[in-house]
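These notes are about the structure you will find just below.
So you know, we letter chains A, B, ... as the sequences are listed, proteins then strands, and number each from 1. Computed from a prediction, not measured in an experiment: that's the story for all the values here.
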2 protein chains.
Amino acid sequence: MKIGELAKATGTQVETIRYYEREGLLPETSRTDGNYRIYGEAHAQRLSFIRHCRSLDMTLDEIRVLLRFKDAPTENCGEVNALLDEHIGHVAARIRELRSLERQLKGLRDLCQEARDAAHCGILNELARQGSEGGSSAAGHVHGAHGRSVERKSINDKRK
Amino acid sequence: MKIGELAKATGTQVETIRYYEREGLLPETSRTDGNYRIYGEAHAQRLSFIRHCRSLDMTLDEIRVLLRFKDAPTENCGEVNALLDEHIGHVAARIRELRSLERQLKGLRDLCQEARDAAHCGILNELARQGSEGGSSAAGHVHGAHGRSVERKSINDKRK
DNA sequence: CTTGACTCTTTAGTTGCTACAGGGTTTCTA
DNA sequence: TAGAAACCCTGTAGCAACTAAAGAGTCAAG
Ligand SMILES: [Zn+2]
Ligand SMILES: [Zn+2]
Ligand SMILES: [Zn+2]
Ligand SMILES: [Zn+2]
C-alpha cells in the first residue's frame, strides 16, 4: 500500500507517518520506481501499536521502549510492566494536580457572582494579590490543562 | 528595580520576563543609560497576576483577555466570569479524559501479572490489536499527560 | 494530453518557556 | 585604578509531537 492508504487504514495523518519514520519509530520502507513509500501489513500493525499507545498519552520515548520489546520477543517483559506502572503514575499525578486546580478555580469563580465593573471584580482582584504559591510541581509527565484537538480546531477555523 | 530583582521578587526567571515583554503581556519599560530595563511596583503586580494565572494553567491568550479587563477598570467584568467558567470546563474535561485513560491503563496493566517473554506479554499483545478507538477528543485545552517541571528537571540533571 | 489526486522533500509554525552565544555594563575588591 | 565577578543586553535555537505549506515530481482517468 501507499502512504495514503496506510493513513486511511490506521486513521493517521500522512505527515504523522512520515514524522514517525524520521523519528525512527517506523522503519524506512522500500520505494516504488516513482520514489513512493510502500507498506505492508506489518507496518500497519506497528503503526496501530504506536497510535494505540499515543491514545493512552504515552510519550514517543515510552513507546520506543515498548517497541524494543515487541522487536525482541524472547526478552523478559518485566520492564514493560514497570514502564506501564510508571505511566499510570504520571496520569494519576496529573489528575491530582488538575483536581487541586479545579478546586482553586472554583473558589476563585465564587468571588464574583454578578458582573460589575472590572475595578471591583473579586476575581481580578484576587488574581492580583501577591503570594499564593502552591503551583503544581508533582512528579509526572502528563502536562498542561488544555486539550489539543479542539484548541487547534478553533485556531484553524480562524483562517477565512 | 532591575530585571534580576523583579525576577527574585516574583519568583520568575529573567528570560521569562523578557519573553512576556516580547509577547506583549508586560509593557516595554524605560531603560537606564546602560540600556537596562527598570521596573516599578506596578510591573511587579502585573507579573504576579500573570504568574498566578499561569499557576492555574491558563493559556497566555486567556491571560491576555483578563489583562485587558484589568487595564479597563470601568468595563463590565462579565466576560471575565465567562472566561473563568470556560477554563474550569477545560480543566474538568481534561480530568474526565485522564480518568478514562487511567481506567484503560489499569485494565491493560492487569493483562500481564508476572514477567515473561515479550512474545507472550498480554500488554504488548493487547497494544498490538487493531480497533480500540476511543481516543480522547473532548472539548478543552488541558493537554498531555506528562508533567512539565519534573520531566525538565530530569533532562537538566543529565548535563554533567 | 491535460487535469486532478496523490506523493516527494524541506522548512517553518504551534505553546511557553529555557538555554546558549557573544557581546556590553556595573559593581566589588585588591 | 585595574581587573574580575556579577549582572544585563540581543538574537537565536531547542523542547514534544505533530501540522501545514511550498514547490516539485508521479500516476491514473478521461
Ligand atoms: Zn508517562
Ligand atoms: Zn467579576
Ligand atoms: Zn483554559
Ligand atoms: Zn508482560
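As a whole-Å value, the separation of A/Leu6 CG from C/dC8 P is 11 Å. Straight-line distance from the CG atom of B/Leu56 to the P atom of C/dG16: 14 Å, rounded to whole Å. A/Met1 places its CE atom 16 Å from the P atom of C/dC6, with the value rounded to the nearest Å. Rounded to a whole Å, the CD1 atom of A/Ile63 is 12 Å from the C1' atom of D/dA16. When rounded to the nearest whole Å, the span between CG of B/Asp61 and C1' of C/dT15 equals 10 Å. Atom pair A/Met58:CE and D/dA17:P shows a separation of 13 Å (rounding to whole Å applied). Summarising the geometry, the separation between NE2 on A/His90 and P on D/dA16 is reported as 14 Å, rounded to the nearest angstrom. The interatomic distance linking B/Arg31 (CZ) with D/dT10 (C1') rounds to 9 Å, in whole Å.
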Please tabulate, one pair per line, each protein N/O and nucleotide N/O from nucleotides 4-8 of chain D that are separated by under 3.5 Å, including the distance.
residue, atom, partner, partner atom, Å
D/dC7, O2, B/Tyr36, OH, 3.4
D/dC8, OP1, B/Gly4, N, 2.7

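Close to C/dG16, at under 4.0 Å from its OP1 or OP2, lies no side-chain N or O of B/Thr16. The phosphate of D/dA16 (OP1 or OP2) has no side-chain N or O of A/Arg54 nearer than 4.0 angstrom. OP1 or OP2 of C/dC17 has at least one side-chain nitrogen or oxygen of B/Arg51 nearer than 4.0 Å.
Judged purely by atom type and a 3.5 angstrom limit, A/Thr16 has no side-chain atom pairing as donor or acceptor with the backbone of A/Thr12.
A/Ala7 approaches A/Val14 most closely through the heavy-atom pair CB-CG2, 3.8 Å. Between B/His43 and B/Leu26, the shortest heavy-atom distance links the atoms O-CD2, 4.4 Å.
Counting only heavy atoms from C-beta outward, the side chains of A/Asn125 and B/Lys70 never approach each other to under 4.5 Å. Within the 4.5 Å cutoff, no side-chain heavy atoms of B/Asn76 are placed close to those of A/Asp117. Side-chain atoms of A/Ile123 and B/Cys77, non-hydrogen and from C-beta on, never get closer than 4.5 Å to each other. With a 4.5 Å cut-off on side-chain heavy atoms, B/Ile50 and B/Thr10 do not count as touching. Residues A/Val65 and A/Glu79 form a side-chain contact, since some pair of their non-hydrogen atoms from C-beta on lies under 4.5 Å apart.
Within residues 19-27 of chain B, the residues having any heavy atom under 4.0 Å from DNA chain C are, by residue number, B/Tyr19, B/Tyr20.
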- Item | side chain to side chain donor-acceptor pair (under 3.5 Å) assessment of A/Tyr20 paired with A/Arg51 | CA-CA 11 Å; A/Tyr20 286 161; A/Arg51 295 305 291 176; 2.7 Å; yes
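Comparing A/Gly34 and B/Ile38 against DNA chain D, the residue whose closest nucleotide sits nearer the 5' end is B/Ile38. Each of B/Arg64 and B/Asp33 was assigned the nucleotide of DNA chain C with the nearest heavy atom; the assignment lying further toward the 5' end belongs to B/Arg64.
In this structure, the helix from C/dC1-D/dG30 to C/dA30-D/dT1 shows an angle of 30° between the axis at its start and the axis at its end, each fitted on 5 base pairs and rounded to 10°.
Atom CD of B/Glu114 has 12 or fewer heavy atoms from other residues, nucleotides or ligands within 6.0 Å.
Contact check on A/Arg37 versus A/Glu21 returns a salt bridge, with a Lys/Arg side-chain nitrogen under 4.0 Å from an Asp/Glu carboxylate oxygen.
A/Tyr36 and A/Ile3 are assigned to two separate hydrophobic clusters, defined by single-linkage of ILVMFWY side chains at heavy-atom distances under 4.5 Å.
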